[in-house]
Each structure stands twice: as structure tokens, then as C-alpha cells.
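A quick write-up on the structure given underneath.
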Amino acid sequence: MGVPVSSWPWQNLGSFKYLLYGPLVAKVIHSRAWEGGSAEGVWCLHLLLLFAFRGLIHQLWWSFSSMIFLTRTRRIVQQGYDFKQIDREWDWDNFLIPQAFIGAMAFHLFPSLRELPLWDLKGFFIALLLHAAVSEPLFYWSHRAFHSGQLFSNYHSVHHSSPVPSSFTAGHGTPLEHLLMSLLMGLPLLGACFMGSGSIGLFYVYVLLFDFLRCMGHSNVEVFPSGFFETFPLFRYLIYTPTYHSLHHTEKNSNYCLFMPLFDALGGTINTKSWSLQKEISSGKNIKVPDFVFLAHVVDVVSSLHSPFVFRSFSSMPFRVLPYILVFWPGGFLFMLAMWGWSKTFLYSFYNLRGRLHQYWVVPRHGFQYFLPFAKNGINDQIENAILRADKMGVKVLSLAALNKNEALNGGGTLFVNKHPYLNVRIVHGNTLTAAVILHEIPKDVKEVFLTGATSKLGRAIALYLCRKKVRVLMLTLSTERFQKIQKEAPTDCQQYLVQVTKYQAAQNCKTWIVGKWISFGEQRLAPRGTHFHQFVVPPIIGFRRDCTYGKLAAMRLPLDVQGLGMCEYTLDRGVVHACHAGGVVHCLEGWTHHEVGAIDVDRIDIVWAAALKNGLRPA
């Protein structure tokens, strides 16, 4: 049997827990429809609005702290949020449900709440005084108690189980802790009401400010200027900082206050590093140079909402279109226009692998823009500036995502290497490992494959590799010249295995299709029953056939010792990255000093594959 009041009764309900707000919603509807807007119905409406705003405050603080391009120099704990922490904090908003019903109960217990004015300034000052005189010392001593013995192991350890604080960590705790928090929040409000100075506005201002400061303290981003406390030293004891509270989370033996370090000073529990560390971090010099950069791009407007700074839970799962996400499409569209007009390549996310910092940078362009003739030069300028910036910083390897290495755009990266021959950063298109992944997915007993996109970089490499293995390759292309050029690259005794075809009907008896060019439903219908579609086309094809199977884009699973990874790459599973990303990782781990751009060296396919496996990467 578990420890009393240490788990939420609805923890197994998932999203159905929100049905518990049903009675409040029903009361609002009933009041509006049949009671002419009764005081009780209005109170329930305020409760629902208040708790919606509380959730929004937590979300906005998360979005701000996750915009690494804004906050990277002021992050306190340098580690990233991993999937374990995200799952642990998934139901961070559990505490809002009982607090909503405590608010409803207060309406019936205290009749004076039924006739509150909209605003009374006097009540705000009374609540502020009661907060400082009652709530702050009560929290301080109870918090210290929760850090001792079984109170910590049975209750408070849940809150401290998150290695990197976030605004969602502020809500992550046990029912007992949040019942105490409800009491501490309620005392100043009820005190102001009993003194005849309560108001609806006071409830909104106090509760939302309370949550705002809690989220700020857990944001892991120092928001106070470096010289603020030197200019106003008294404020050191009146308001805590994110650095101040982060020290409490990392060391657990100091900085116990709610919002006012004065009580730590009186209790002798101020961490001596609080102000020097705050000054150091807020100076904006807290920068670490990445070893590896994956230069990505946006696929489309809907998938842009899969960003960690939009919804953490959504981005931590493989991308799929959900109904509620479509509501935010207009915002994503405006964001696209803003990026097109003003944005430069920006830092998006990061993780750590074996002591090396790996970062995602994003070119602020969506997939369709790569096919606009007038946008070509602008995109290449963005990529080139990112490469030069990485070179100046001391980045070792920069890997180009799918469309950033498009042959028609920049020759698979050769444009930049030829233009800047003295680059120290190694440019990698990752196509060698992409080819290796696709080739190793093909069963060894296959004797014939059908290949679309056959004369592309990847198509060429796949065809040349397979013909060496005596596999017959039906290469779909209308260009005899390009086909013959590739065929001549094959060993003389293997050239017979490369066969040019010009129509999809030629593959009606072939059950292994390798798709490098988007194919329609009508074209898929020509494949025989039981066909497996391997693919390296972006975006991936839509699987229309239920009697066939479809592979995902070439990808590999990162090593198990990856740290701080908490987002999924597009439609891929957790911990899985696209092969072009993985190719750059291998390049970095191996310390290779050559560029990997332009045509794929077929002789290196097995070398790169072996290096990937040696370094702990595995097929997805």
C-alpha cells in the first residue's frame, strides 16, 4: 500500500482527467441558461478562467525558456530536458484540479465571497502583507521539513526528481505538497476578504502572480540583469532569482524560501554562491561551442508546430497531425512569414553525447520555398552564413539536412566547399550513411529492385552498390545519357545488372521498390501485392496500399548514452534521427577530417556503416 496523499487519484485517467472539470462547466451552463447568471455560476466561470490562465502562464514560461536562440547564454543548468523527465512531468497540471474545487468549496463556506467587487486596491496591499508575514515563513519552515527523512523520500523527492528545472517542474509534486500550497495561497486572499477588502481582481492578480514567480524560479533561465542587485542590494532579500532556486534543486540543502530570500537569511540557509553565480550567468558569457551542428529546415506549417518551444508533450512524440494542433495553423503561418522576412539561421535545440555538445540549427525556410526559383540564392546565403558562423565558432562538423543539400540548390554542399576551400569545419551531407541504411534494410535474398530517383546522388550510389552484389536494378529514368553515365561507373562484369526502364509498368512483378521520387496512388497501384516500399524522398510518400508495407525515411537510433534529448525528429521515434544527421554524428565521433559533399563514394558505404555500428548507433 502506498504512502497516504502521495499520488493523484486520477493519475491513470490520462486526458480523461479533464472531465473532472465537468461539474464546474455544467454549473456555468446551467446558471447562464436557467438561473440568469447566478453568483455561484459566475464564481465557477471565474475559477475556470483563472485555471486556464494559470496553465497558460506555465506554458508561456516553458516556451520562453525553450527558445534556446534567445536564452542560450543565460541558461543555468546546461543539461537538456530528456524524455524521462518529460514523461515524469507529463501530468504537471494535476494540482489545478483540486485547487479548482477548493475554490468552489470556499464559495459555499464563506458567504462574503458571493458579493465581491471587481477591484479593491486596499485588498492587494493587505494580501501582500499577509503573504510576507504568514505565507512566506510557513512555506520556509514546511519546505525545510519536507527536506528531512521520510517526508523527503515519500513526498518531496518527486519534485526533485527532475534534473533540469522547468516551469512544469513547478507544478510537479504530490497531493500533500499542493494541499499545503493551496493553504499558503489561500490565507492572504481569505484574510483580505475577511477584512472587507477582497475583490475578484485580487484573486486573479495574486494567484497568477504567485504562479508567475513560481514558474520564473523554475525556468532555468536567469532573467535579472547582472548589475541589478548591486544597484539595489535590498532586493536580494525581497525576491529570489532562477539561479537562486536552481541552486536549491542542485544542492538540496539551502535556499528554501518561497519567493523572499529574507527567510533564508534569518534561518541561516542562504547558499553562499547565490549572488556570485547569478552575476556570472546573467553576464551572458555562459557559452559553450558545439562540436557538431545539424543544419535542419522546416518541412511545412503544421510540422513547425512540432517545435519544443510550442508544446513540449507534442514535440516529444513522433509528429502526426492532431485536430487541436490545426487550431494553431494560422499562428504557424504568420510565424513562417515572419521568418521569411526577417529571420536568420537560429539555434533550435541540443543534446550531449560523450562529452560533446550537439546542436540543431534551423534555416528559416519551409519545404515549399526550396522549390521557388527566386528563393534559391537567399537559401544558399542562409546556409553559407551558418557554415561561416560555425567555422568561426570552432564547430568541428556541420551536417546538412535533406533540402539543404539539394543537388539543384548547391550540388550537395560542393558550392560552399569550393567557395571556401580553407574551412576548418567539416561539411557533411550524410548521404553515405543514408545509402547504407537503405541498402542494409533490403533482404539479402532479393535479386531485383525497382529504383525511382535513380539518377540522383542517392539513387546512383544505391544502384552501383547493388549491381556489385549481382542484384538487378530497374532504374526508372527518361534520360538515357544519365543512365549510361552511371552504368559506365560500374565494373564491366556488373553493368548488365543495371537496366533502364521508362515506365512504372516495368516493375509490375518486382516486390522491392526503392522510392527516391514522390509517387502517386496510381503509380503505387502498379506494384504487386506484398511489395515493400523503401524510400528516401522528402516528404515521405503516403501509404495508400494496405496489401503492401512502407518503410520510413532512412534513420538510425542514437547511442544509449545520449543525454538531454527530449524531442523527436519529425515522424521518427524517440531517440531516432535521420540518417543524414546520424552521418554527421559518426563523422564527428570518428574525427574524420575530410568533407563529405557532392557525389557519394560507393567504396565508403560499408566503412561508414561499420563506423556507425562501432560508435553505438543502431538501425531504427
Side-chain angles (χ1 to χ4, degrees), residues 370-371 373 376 380 400 402-419 421 427-442 446-507 510 512-519 523 533-538 541 554 579-580 583 594-609:
Y370 284 78
F371 301 98
K376 176 180 176 180
N380 275 331
L400 301 171
L403 296 178
N404 286 334
K405 60 189 177 190
N406 188 288
E407 187 69 23
L409 184 69
N410 52 48
T414 54
L415 172 68
F416 312 114
V417 173
N418 292 338
K419 188 175 179 180
I427 309 303
V428 175
H429 57 38
N431 286 338
T432 308
L433 186 56
T434 302
V437 171
I438 295 169
L439 289 164
H440 283 84
E441 287 177 349
I442 300 171
V446 167
K447 300 299 181 184
E448 182 180 71
V449 302
F450 175 59
L451 178 63
T452 74
T455 59
S456 65
K457 290 193 301 290
L458 272 168
R460 164 192 164 275
I462 290 169
L464 291 174
Y465 186 95
L466 288 175
C467 78
R468 294 181 183 183
K469 301 293 183 181
K470 313 301 183 187
V471 175
R472 189 167 182 258
V473 184
L474 306 178
M475 299 176 64
L476 180 67
T477 177
L478 296 176
S479 174
T480 301
E481 180 184 353
R482 295 178 70 177
F483 166 76
Q484 290 178 346
K485 183 179 179 181
I486 294 173
Q487 189 180 43
K488 289 177 181 178
E489 290 187 67
T492 305
D493 62 331
C494 299
Q495 292 180 2
Q496 60 181 311
Y497 294 99
L498 299 180
V499 180
Q500 181 186 7
V501 297
T502 57
K503 296 181 179 180
Y504 285 90
Q505 286 82 349
C510 180
T512 302
W513 285 36
I514 305 175
V515 182
K517 184 178 180 181
W518 215 85
I519 55 176
E523 291 160 344
F533 294 90
H534 304 270
Q535 54 183 316
F536 58 93
V537 59
V538 178
I541 61 173
C580 55
H594 65 279
H595 295 292
E596 183 191 312
V597 295
I600 298 173
D601 183 350
V602 180
D603 293 329
R604 286 194 59 82
I605 290 177
D606 287 334
I607 295 172
V608 173
W609 177 255

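Because the structure is predicted, anything quoted here is derived from the model rather than measured.
L415 CG to N380 CG: the interatomic distance, rounded to the nearest 0.5 Å, is 5.5 Å. Going from atom NZ of K469 over to atom CG of L464 covers 13.0 Å, rounded to the nearest 0.5 Å. Rounding to the nearest 0.5 Å places NZ of K376 at 9.0 Å from CG of N406. We find the NE2-CG distance between H440 and D606 to be 5.5 Å, quoted to the nearest 0.5 Å. Going from atom CG of L474 over to atom CH2 of W513 covers 10.0 Å, rounded to the nearest 0.5 Å. The CG atom of N431 sits 4.5 Å away from the CG atom of L458 when rounded to the nearest 0.5 Å.
Using a 4.0 Å cut-off between charged side-chain N and carboxylate O, R468 and D493 make no salt bridge.
At distances below 3.5 Å, not a single donor-acceptor pair connects side-chain atoms of H429 with backbone N or O atoms of G413. In this structure, E448 contributes its side chain and R472 its backbone to no donor-acceptor pair below 3.5 Å. A donor-acceptor distance shorter than 3.5 angstrom exists from the side chain of T452 to the backbone of G516, with no hydrogens or angles considered. Not a single donor-acceptor pair under 3.5 Å links the side chain of H595 to the backbone N or O of V597. Remark: the backbone N or O of G430 is paired with a side-chain donor or acceptor of E596 at under 3.5 angstrom. Proximity of a side-chain donor or acceptor of N404 to a complementary backbone N or O of L400 within less than 3.5 Å is not detected. Without hydrogens or angle criteria, Q535 side chain to I541 main chain gives a donor-acceptor distance under 3.5 Å.
In this structure, a donor-acceptor pair under 3.5 Å is absent between the side chains of K405 and N410.
When all heavy atoms of L451 and G459 are compared, the pair lying nearest together is CD2-O, 3.4 Å. Across all their heavy atoms, V501 and F450 have their closest contact at CG2-CE1, 3.9 Å. Scanning all heavy atoms of the two residues, the minimum distance from D601 to T432 falls at O-CG2, 4.5 Å. Between L498 and C467, the shortest heavy-atom contact is CD2-CB, 3.7 Å.
Few gaps surround CD on Q505; more than 12 heavy atoms of other groups in view lie less than 6.0 Å from it. More than 12 heavy atoms of other shown residues, nucleotides or ligands fall within 6.0 angstrom of atom NZ in K470.
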